[in-house]
Amino acid sequence: MPTGFADIISPVQVKSVLFKPNSPLVAKSMLSQEPKNNKASPTSYQELKGSSYIRQQLAKVELNDGKYLYARLVVGADGGRSQVRSMAGFQTTGWDYKQHALICTVEVETENQIAWQRFLPNGPLALLPMGKKFFNIVWSTTPEKASELKGMTEDDFIKSVNNALVHDYGSHPQSQFSEIINGRFKWLTGELVPSISEPFQTPPRIIGLSTARMSFPLSLMHASDYASNRVVLVGDAAHTVHPLAGQGVNLGFGDAAALARILNEGIVTGSDIGEISLLKKYERERKLVNLPMMAVLDGFQRIFSADFGPVNLLRAAAFNGVQILGPLKKQIISYAMGEQKLPMFPFNHNRVVDY
């Protein structure tokens, strides 16, 4: 016998979802307590308690085992190829980056909790700590290179990743202007961040492959709507971005935090949590955050994809400038972590940290 929601939901998949037209549920008081006299109208409490009327107002979720669930609200958190988004009829806009991301989990030689990223000619290679000696790899590259990496033996793949992180594609990055700037323009830079004067640090050496290698195409996608009656989208179901800055997870966490807060506000005031007016409040708030960040990340992707002399020089100068100007670098990091807003984006962020 099932003992909880996990036992009911986990073994099955959603086959279809039927969303009813906008029709808020009846007053909560009519559903939560018995009438105080026996002369209540048969169309009020007794019929409502029988649940047939209530079910007509709810989202109907059909599972692949033939069972049905009825919900006041369906949250689509099922990724960039969201079936909930398709079933709800939400339109999307965006474009393909003509890159694939190869992902897997690897084991490294020594425990390390630092995230590493190296920008290579065909896209960035990132190492993201998972705890102890394990890292996730996200390697953005051409479809052909991703296919080649997937087809390698484990030993050859590990060798390729280690070489790409440390030896291949040119010399180690160096800070060429730190001493000059720190000596002559300290009034402008303030206290330099420690990394500006440190030598190149070698990422931890990968020694083993812990999961299968998978790849998927990279694209920018944004849903025209995040919410409708009894359905709402969060995370990659609502928007996808290039993984080069690791901000996709932050945007998703921000969506979840904002939705939870707004639903809680609705519950406190006695609102129906599936009512479109409440869900649209969430949509408006998150679009003000997500769209500017998506524009910034798309700009980064285009800048790093360019291989043109003047663009390369400007890109290097800009990053050297940010690296040297400690206070500016700290502000950018704080904004990326969701801890504060930038003047150009006049809205509030939830506090979300990207790991």
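Owing to the predicted nature of the structure, the values given are computational and were not obtained by experimental measurement.
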Colleague: Does E107 reach the main-chain N or O of F134 with its side chain, forming a donor-acceptor pair under 3.5 Å?
Modeller: no
Colleague: F157 ring centre to R213 NZ or CZ under 6.0 Å, with the angle to the axis within 45°?
Modeller: yes
Colleague: Does a salt bridge link E283 with K287, judged by any charged N lying under 4.0 Å from a carboxylate O?
Modeller: yes
Colleague: Any donor-acceptor pair under 3.5 Å linking the side-chain atoms of D78 with those of S82?
Modeller: yes
Colleague: Using side-chain heavy atoms (C-beta onward) and a distance below 4.5 Å, is L127 in contact with I137?
Modeller: yes
Colleague: Between E109 and R205, does any side-chain N to carboxylate O distance fall below 4.0 Å?
Modeller: yes
Colleague: Would you kindly confirm whether L120 and L102 end up in one hydrophobic cluster when ILVMFWY residues are joined by side chain heavy atoms under 4.5 Å apart?
Modeller: yes
Colleague: Taking the side chain as every heavy atom from C-beta outward, state whether N162 and K159 have any pair of such atoms under 4.5 Å apart.
Modeller: no
Colleague: Output yes when a side-chain donor or acceptor of R85 lies under 3.5 Å from a complementary backbone atom of G80, and no otherwise.
Modeller: yes
Colleague: Using atom types as modelled and distance alone, determine if a side-chain donor or acceptor of T105 lies under 3.5 Å from a backbone N or O of T211.
Modeller: no
Colleague: Step through the shown structure and confirm whether more than 12 heavy atoms of other residues, nucleotides or ligands are within 6.0 Å of CD on Q113.
Modeller: yes
Colleague: Donor-acceptor pair, distance only, cut-off 3.5 Å: does the side chain of K150 make one with the backbone of M214?
Modeller: no
Colleague: Would a single hydrophobic cluster contain both L291 and V249, if residues Ile, Leu, Val, Met, Phe, Trp and Tyr are joined by side-chain heavy-atom contacts under 4.5 Å?
Modeller: no
Colleague: Which of these passes side chain to side chain contact (heavy atoms under 4.5 Å, CB included) with K281: I276, I262, L259?
Modeller: I262
Colleague: Is there a side-chain contact between L279 and L263 in this structure, where contact means two heavy atoms from C-beta onward sitting under 4.5 Å apart?
Modeller: yes
Colleague: In the structure I gave you, are the side-chain heavy atoms of W116 and P129 within less than 4.5 Å of one another anywhere?
Modeller: no
Colleague: Within the 4.5 Å heavy-atom criterion, are W139 and L149 side-chain neighbours or not?
Modeller: yes
Colleague: Between K280 and D225, does any side-chain N to carboxylate O distance fall below 4.0 Å?
Modeller: yes
Colleague: Are side-chain heavy atoms of T93 and S224 found at a separation under 4.5 Å?
Modeller: no
Colleague: Do side-chain atoms of S16 reach the backbone of V61 as a donor and acceptor pair under 3.5 angstrom?
Modeller: no
Colleague: Tell me whether D255 contacts the main-chain N or O of G235 through its side chain, where contact means a donor paired with an acceptor under 3.5 Å.
Modeller: yes
Colleague: Can you find a side-chain donor-acceptor pair between D156 and T153 that sits under 3.5 Å?
Modeller: yes
Colleague: Please check if any side-chain donor atom of N290 sits under 3.5 Å from a side-chain acceptor atom of Y226, or the reverse.
Modeller: yes
Colleague: Could you check whether H242 and Q99, counting side-chain N and O atoms only, form a donor-acceptor pair closer than 3.5 Å?
Modeller: yes
Colleague: Using only heavy-atom distances, determine whether the side chains of N122 and T142 contain a donor-acceptor pair under 3.5 Å.
Modeller: no
